[in-house]
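A note on names: the letters A, B, ... follow the listed sequences, proteins ahead of strands, and every chain is numbered from 1. Only a predicted model underlies this, so the values are computations on that prediction, with no experimental measurement involved.
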Amino acid sequence: MDYLSGLNEPQRKAVLHTEGPLMIIAGAGSGKTRVLTFRTAHLIEQGVDPFAILLLTFTNKAAGEMRHRIEQVIGKQAKNIWMGTFHSIFAKILRFEGEKLGYTSSFSIYDTDDSKSLLRSIIKEMNLDDKVYKVNLVLNRISAAKNKLISPQSYFNNEVIRNEDRMAKVGEIGAIYKTYALRCFQANAMDFDDLLYQTNILFRDHLDVLNKYQHKFKQVMVDEFQDTNVSQYLITKKLSAVNQNICVVGDDAQSIYAFRGADIQNILNFEKDYPDLTTIKLEENYRSTQAIVGAANSIISKNRHQLQKNVFTSNEKGEDIEIIRATTDSEEARLIASSIFEGKQRDGLNGSDFAILYRTNAQSRSFEEALRKLNLPYKIVGGLSFYQRKEIKDLLSYLRFVVNQQDEEAFKRIINLPKRGIGDTTIAKISVTAAENNVSIWDVVSNIQQYSGKGAQAIENFADLIKSFKIMVEVDKKDAYDVANHVAKASGLLRELYEDKTVEGLARYQNIQELLNAIKQFVDSEENEDKSIATFLQSVSLLTNADQEEEGDIKEKVTLMTIHSAKGLEFKRVFLVGLEEDLFPSQMMLASQSDLEEERRLFYVAITRAEKRLYISYAESRYQFGRLKTCEPSRFIDELDPQYLRISKLGGKKEIQGFKPVQKVGGFAQKTPVNQGQQLVQKAAPSNYQHISSSNFTPSNPLELQVEQRVEHQKFGFGKILRIEINGAERKAVIAFEKGVGEKTLLLSFAKLMVIG
DNA sequence: TTCGGCTGGTTTTTT
DNA sequence: ACCAGCCGAA
């Protein structure tokens with residue numbers, strides 16, 4: 001019990017409260033991970049069986065870390081706690097119980113790409129216009145429905161929803177949803193939302209199963225409760241209905257996943273659902289300086305919807321928050337990279353003390369470049385993850401299909417990969433034949449002689465290949481590594497990549513090897529009892545962005561990631577970049593006021609990641625879709641309490657000289673093929689630098705780009721750096737366009753020439 | 001069937 | 001800038 005000594009009063013109360021429902025409202029940096037860790041350790045010391053504790057976290061990594069910390073307190077038993085994300089825990093349970101719902105234990109898990117691909121084919125088959133039925137939109141609607149536990153049938157029958165869809169001219173979404181659900185089921189596959197949705201169905205329709213787990217889990221804990229959706233909430237509610245020992249930890253101010261169905265309402269409902277609820281607030285921030293906490297509070301107070309809370313700190317006042325203004329996104333990156341360089345040199349910090357946080361993944365590029373130039377090692381969290389790369393998905397699809405021949409998406413991926421002369425026409429024939437004979441696609445493929453007399457050699461070869469893999473798995477009971485290794489070779493995937501001598505080809509080849517290494521590790525690890533390929537596939541498809549393995553010297557690496565992935569982390573120095581209107585807050589969010597509040601909470605989360613120092617930067621122009629556009633500082637900068645701010649010496653002070661509105665250019669509304677335009681640019685501008693004469697361009701005499709000079713634009717290239725002269729001195733400048741005006745339409749009514757150095 | 005060239009859309013965040 | 005889908009040519 002010595003761990004109690006380091007806790008403050010509310011923390012201690014939370015740890016000691018073990019019976020009955022408990023809600024912990026934990027402000028940013030208030031030590032909620034400690035509380036959860038100690039509470040779990042305490043429960044076990046009190047004699048609760050680790051197997052009877054269910055601890056749901058947001059990422060597998062968070063679970064791993066907590067398991068590690070609990071292990072330090074109570075030792076080996078920590079291994080036995082049921083700890084993981086909602087998705088991974090309930091995928092595991094569905095593996096056991098899925099047969100009751102008509103799935104086999106080797107069901108596939110469709111990732112977002114698979115879901116989209118399936119939807120694309122359904123939309124096509126239904127002869128719907130894919131410009132109207134955009135895959136993302138459809139998938140979002142279906143996902144939202146599932147997360148609210150609306151079945152395909154009740155979606156279809158619900159007049160309110162259908163009217164809504166009809167008003168939006170997408171009246172067929174109900175029908176698409178129905179087909180989609182059916183096809184997933186026939187493919188023996190669940191998508192991400194299904195893992196929760198089907199769990200709910202399981203617990204609703206099979207009370208014996210529910211009962212079993214209700215009695216199994218004596219204690220249920222939910223971390224990041226503010227980010228759970230209705231579907232997740234109902235699962236936990238059902239599971240804890242018998243024992244009533246449910247403990248949720250969250251912070252409404254840090255709810256940033258509403259777009260995924262997370263519902264703050266869960267926190268409010270919680271009080272209603274559990275009348276004898278104990279609520280504990282953790283309000284003291286141990287992480288950050290007063291300046292950072294103050295700035296964060298000044299932001300979150302602008303939101304109207306929030307629980308009463310008073311986050312304070314007794315830490316030192318600390319440095320003011322620095323606002324960095326840069327003229328371009330690449331300058332922004334340079335300034336920050338050199339600030340990191342200085343911080344390491346002068347203040348003796350490690351690379352891992354720094355984080356660069358941005359709103360969108362696309363922003364990482366300029367920072368990577370700038371960091372590389374200064375030889376600063378970095379790591380990127382998220383973005384295109386290893387497991388989303390084409391070659392990896394290809395091999396995994398083979399493995400998926402070997403395990404589950406009903407997996408339609410895996411089949412589509414591998415049937416002609418590497419090229420074996422089975423094109424779209426043949427595949428269409430196969431599915432027609434399957435439908436006519438009322439059998440599965442695999443039935444047709446594996447018995448192709450029965451259905452087609454001749455010319456099916458390629459298909460037969462494919463079927464034989466898969467059959468030989470199946471024997472390895474089912475008869476010889478080879479482990480995941482042996483199977484994967486063999487499949488990679490025998491399928492021809494490896495050979496194809498090996499013969500590709502381009503840089504990308506080499507990288508892909510290595511990626512496959514890397515995947516095989518990962519599988520080897522999985523097989524060799526003592527923690528995994530079941531070494532089958534099916535189990536490996538399962539664990540892989542639920543890896544989250546934050547879970548990726550780190551390698552190399554972790555201490556030296558600066559972290560780059562989106563704010564969303566930064567949740568739950570902390571860094572000595574945080575650079576919060578790209579604070580520009582339309583980027584952060586994102587323009588997609590500005591449509592409705594409540595969404596603006598979510599963006600503001602995102603800003604709050606970002607600020608509170610910083611322990612010692614916080615830098616906020618914005619650029620006045622930025623590349624987007626391959627061209628430069630001008631930007632305005634974010635409204636969020638104005639919302640910060642100025643008493644904590646300092647305008648940085650780094651880049652911001654410099655006045656921009658000669659900000660020239662260019663004269664209107666008319667008569668170019670007609671379209672010019674883009675590629676032609678690009679070729680023109682390449683031909684006309686062999687170097688990035690062009691001289692233009694000083695007589696045309698001085699601060700008092702703006703350069704006038706006239707009609708003929710549209711060609712000049714192209715000659716310079718968009719956003720390319722120009723050398724110009726101002727008052728006899730050589731300067732650099734770029735051409736930037738007003739928001740939303742692009743090269744493609746050549747509606748260049750206004751352009752600006754911006755001097756950048 | 002495959003390949004290459006062209007076009008249009010895209011970027012919010014993630015399990 | 002990048003990608004996926006489409007179309008025509010081989």
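- Across all strands shown, Asn136(A) has heavy atoms under 4.0 Å from sugar-phosphate atoms exclusively, and none from any base.
- Distance, Asp129(A) CG to dC6(C) C1': 15 Å, rounded to whole Å.
- Between Glu598(A) and Phe259(A) there is a side-chain heavy-atom pair separated by less than 4.5 Å.
- Regarding Asn140(A), its CG atom lies at a distance of 13 Å from the P atom of dT10(B), rounded to whole Å.
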Heteroatom pairs (N/O) under 3.5 angstrom, protein to nucleotides 7-10 of chain C:
none

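- Looking at Leu55(A) and Met66(A), their side chains come closer than 4.5 Å, going by heavy atoms from C-beta outward.
- Under 4.0 angstrom from either OP1 or OP2 of dT15(B) there lies no side-chain N or O belonging to Thr59(A).
- Under the 4.5 Å side-chain criterion, counting only non-hydrogen atoms from C-beta, Ile356(A) is in contact with Val577(A).
- For dT1(B), one of the phosphate oxygens OP1 or OP2 lies less than 4.0 angstrom from a side-chain nitrogen or oxygen of Thr425(A).
- Contact annotation for Asn416(A): backbone-only contact, meaning every heavy-atom pair under 4.0 Å involves sugar-phosphate atoms and none involves a base.
- The separation between Glu224(A) atom CD and dT14(B) atom P is 14 Å, rounded to whole Å.
- A side-chain N or O of Glu368(A) and one of Tyr378(A) form a donor-acceptor pair less than 3.5 Å apart.
- The stretch residues 254-262 of chain A comes close to DNA chain B through Tyr257(A), Phe259(A), Arg260(A), each having a heavy atom under 4.0 Å from the strand.
- The environment of Arg495(A) atom CZ is sparse: at most 12 non-hydrogen atoms of other residues, nucleotides or ligands sit within 6.0 angstrom.
- Using a 4.0 Å heavy-atom cutoff across all strands shown, Thr426(A) reaches sugar-phosphate atoms only and no base atom.
- For Asp193(A), there are no salt bridge (charged side-chain N to carboxylate O under 4.0 Å, His left out) partners, not counting sequence neighbours.
- Of the candidates dT15(B), dT1(B), dT14(B), dT15(B) carries the atom nearest the Phe192(A) side chain, counting heavy atoms from C-beta on.
- Looking at heavy-atom distances under 4.0 Å, Lys134(A) makes contact with sugar-phosphate atoms alone, never a base.
- We find that NZ of Lys116(A) is positioned 11 Å from C1' of dT10(B), with the value rounded to whole Å.
- Rounded to whole angstrom, the span from the NE2 atom of His564(A) across to the C1' atom of dT11(B) amounts to 14 Å.
- Under a cut-off of 6.0 angstrom, the local environment of CZ in Arg365(A) is sparse, with at most 12 non-hydrogen atoms contributed by other residues, nucleotides or ligands.
- Summary of the strand contacts: Phe58(A) and Ala362(A) both lie near DNA chain B, and taking for each the nucleotide with the nearest heavy atom, the more 5' one is attributed to Ala362(A).
- Under 3.5 Å, the side chains of Ser366(A) and Asp329(A) contain no donor-acceptor pair of N or O atoms.
- Taking atom CD1 on Ile380(A) and atom P on dT14(B), their separation rounds to 13 Å, with Å as the unit.
- The shortest distance between the side-chain N/O atoms of Arg120(A) and the OP1/OP2 oxygens of dG5(C) is below 4.0 Å.
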| query | Is there a salt bridge (charged side-chain N to carboxylate O under 4.0 Å, His left out) between Lys32(A) and Asp223(A) once you walk through the steps? | reply | CA-CA 9 Å; Lys32(A) 69 161 192 188; Asp223(A) 192 11; 3.3 Å; yes
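- If Ser586(A) and Phe86(A) are placed on DNA chain B by their nearest nucleotide, the residue sitting closer to the 5' end is Ser586(A).
- Gln624(A) has its CD atom 12 Å from the C1' atom of dT12(B), to the nearest Å.
- Regarding Asp113(A), its CG atom lies at a distance of 14 Å from the P atom of dT14(B), rounded to whole Å.
- Using a 4.0 Å heavy-atom distance criterion, Lys124(A) is classed as a sugar-phosphate-only contact.
- For Lys419(A) and dC3(B), the shortest distance from a side-chain N or O to OP1 or OP2 is below 4.0 Å.
- A distance below 6.0 Å separates the ring centres of Phe185(A) and Tyr103(A).
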